[in-house]
2 protein chains.
Amino acid sequence: MKTMYKEHTLTKNQQIIFDLIDKSPEPMKAYSILFNVQKKGIKAPLQVYRALDKLVKMGKIHKIESRNAFIACQNSSCQVSKATAFSICEMCEKITEISSSSLSKYLANFKDKDGMKYSKYNLEFFGLCKKCR
Amino acid sequence: MKTMYKEHTLTKNQQIIFDLIDKSPEPMKAYSILFNVQKKGIKAPLQVYRALDKLVKMGKIHKIESRNAFIACQNSSCQVSKATAFSICEMCEKITEISSSSLSKYLANFKDKDGMKYSKYNLEFFGLCKKCR
DNA sequence: TACATAGTGTTATATTATAACAATTAAATT
DNA sequence: AATTTAATTGTTATAATATAACACTATGTA
Ligand SMILES: [Zn+2]
Ligand SMILES: [Zn+2]
Ligand SMILES: [Zn+2]
Ligand SMILES: [Zn+2]
């Protein structure tokens, strides 16, 4: 019989930081997060980075690697937290999570020349968004 | 009549830094590059970062965003310097540039839900390499 | 030559991220 | 409930990554 484990309930710091990122219209950087949560008692970078690490692992947020910024998952707690795709506007920096089953299928099934498959990936598309075209 | 512009000849600093990265068996980080070229007279981080910027723009090297590291283009001066794909071993950190025309075609033709196409992208696959499986 | 563009050298500083340690809280096992 | 195990927190210090600003030099173009 399988042991039951607790659901992923967020801890205090995790919840504070997730809420902030989740209601932000754009990805947030770690030190901007820090500045915004200082009034809630989170005073040190490490407290922020630790919460970010966990939230990323849970798939609640994703890191935009090319921007060192964090965005809440747009796919209602991404089942595919390990398989992320974003579009990034190079003009206004608008960043959107892409949710395309054909894309995720293609990438999950992609084999390199050694026949190797990868279930985990991060894809960042760059271009101009609708507004900026 | 079209004016002739000079070919992309590398400058002294660019050449020194490209040579170092090109002969490295693994991606190099900026400060490791700095350390290695100090005997050649390149003394400051900015000299390294400026050369890296230009080399990236030329497509001679690529940045592995999730690792903050730089690797020489494996595709004999990537025509597709704006469309890069890598596999990253999470055990030994072996990083390989993927050269797959079907992948690049698929991604270049991918349309998001607004019908938007992106000719520029960066894709990083994560998994275990042959050795580490 | 004159002008424009790109590259250099330098110092200082900004931004992003982790190490190390002690203490506390929450969860799982007995 | 008591034990013990794992996860989280708070804190200070420091490491690693990257850019600003300025004066100067080299190169390409007209
Ligand atoms: Zn997601
Ligand atoms: Zn835009
Ligand atoms: Zn390449
Ligand atoms: Zn490996």
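Since the model is a prediction, treat every value here as computed from it, not as a measurement. Just so we're on the same page: letters track the sequence lines, and every chain starts at 1. Any value given below was found using the heavy atoms of this structure, including those in side chains, with hydrogens, waters and symmetry copies removed.
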Within the distance-only criterion (no hydrogens, no angle test), does the side chain of A:Q74 pair as donor or acceptor with the backbone N or O of A:E97 below 3.5 angstrom? no
Less than 4.0 angstrom between a side-chain N/O of A:T11 and OP1 or OP2 of C:dA26, yes or no? no
Pairs of donor and acceptor atoms involving the side chains of residues 13-23 of chain B, under 3.5 Å and at least two apart or interchain, shall be tabulated with distances.
unit_1: B:Q14; atom_1: OE1; unit_2: B:T11; atom_2: N; d: 3.0
unit_1: B:Q14; atom_1: OE1; unit_2: B:T11; atom_2: OG1; d: 3.3
unit_1: B:Q15; atom_1: NE2; unit_2: B:D19; atom_2: OD1; d: 3.0

Roughly how far, to the nearest 0.5 Å, is CD1 of A:I71 from CE of A:M28? 12.0 Å
Under a 4.5 Å cut-off applied to non-hydrogen side-chain atoms, are B:S104 and B:Y121 in contact? yes
Specify the residues of residues 39-50 of chain A, ordered by number, for which at least one heavy atom lies under 4.0 angstrom from an atom of DNA chain C. A:L46, A:Y49
Hey, can you pull the donor-acceptor pairs under 3.5 Å for the side chains in residues 40-51 of chain B, sequence neighbours left out?
unit_1: B:Q47; atom_1: OE1; unit_2: B:K43; atom_2: N; d: 2.9
unit_1: B:Q47; atom_1: OE1; unit_2: B:A44; atom_2: N; d: 2.9

Give every donor-acceptor pair under 3.5 Å between a side-chain atom in residues 89-96 of chain B and any protein atom, sequence neighbours left out.
unit_1: B:E90; atom_1: OE2; unit_2: A:K120; atom_2: NZ; d: 2.7
unit_1: B:E93; atom_1: OE1; unit_2: B:R67; atom_2: NE; d: 2.7
unit_1: B:E93; atom_1: OE2; unit_2: B:R67; atom_2: NE; d: 3.2
unit_1: B:E93; atom_1: OE2; unit_2: B:R67; atom_2: NH2; d: 3.2

Just how far, in rounded Å, is P of C:dA14 from CZ of A:F35? 16 Å
Are B:N68 and D:dA16 close enough that a side-chain N or O sits under 4.0 Å from OP1 or OP2? no
For a quick test of your reading: what N or O donor-acceptor pairs under 3.5 Å do the side chains of residues 106-114 of chain B make, sequence neighbours left out?
unit_1: B:Y106; atom_1: OH; unit_2: A:S102; atom_2: O; d: 3.3
unit_1: B:Y106; atom_1: OH; unit_2: A:L103; atom_2: N; d: 3.4
unit_1: B:N109; atom_1: ND2; unit_2: B:K105; atom_2: O; d: 3.0
unit_1: B:D112; atom_1: OD1; unit_2: B:D114; atom_2: N; d: 2.8
unit_1: B:D112; atom_1: OD1; unit_2: B:G115; atom_2: N; d: 3.2
unit_1: B:D112; atom_1: OD1; unit_2: B:M116; atom_2: N; d: 2.9
unit_1: B:D112; atom_1: OD2; unit_2: B:Y118; atom_2: OH; d: 2.7

Return the value, rounded to whole Å, for the distance between atom CZ of A:R67 and atom C1' of D:dA18. 15 Å
Give every donor-acceptor pair under 3.5 Å between a side-chain atom in residues 123-133 of chain A and any protein atom, sequence neighbours left out.
unit_1: A:E124; atom_1: OE1; unit_2: A:S66; atom_2: N; d: 3.4
unit_1: A:E124; atom_1: OE1; unit_2: A:S66; atom_2: OG; d: 2.6
unit_1: A:E124; atom_1: OE2; unit_2: A:E65; atom_2: N; d: 2.9
unit_1: A:E124; atom_1: OE2; unit_2: A:N122; atom_2: ND2; d: 3.1

Straight-line distance of B:S119 OG to B:K82 NZ, nearest 0.5 Å: 7.0 Å
Using OP1 and OP2 only, check whether a side-chain N or O of A:K63 sits under 4.0 Å from C:dA17. yes
Give the stems involving DNA chain D, where a stem is 3 or more consecutive Watson-Crick or G-U wobble pairs (i with j, i+1 with j-1, and so on) under 3.5 Å. C:1-30 with D:1-30
Mind checking the CE-CG spacing from A:M58 to A:D53? Nearest 0.5 Å is all I need. 10.5 Å
Identify, residue by residue, the members of residues 19-31 of chain B with a heavy atom below 4.0 Å from DNA chain D, and return them in order of residue number, or none. B:K29, B:Y31
In whole Å, I'd like the distance from the NZ atom of B:K57 to the C1' atom of C:dT5. 14 Å
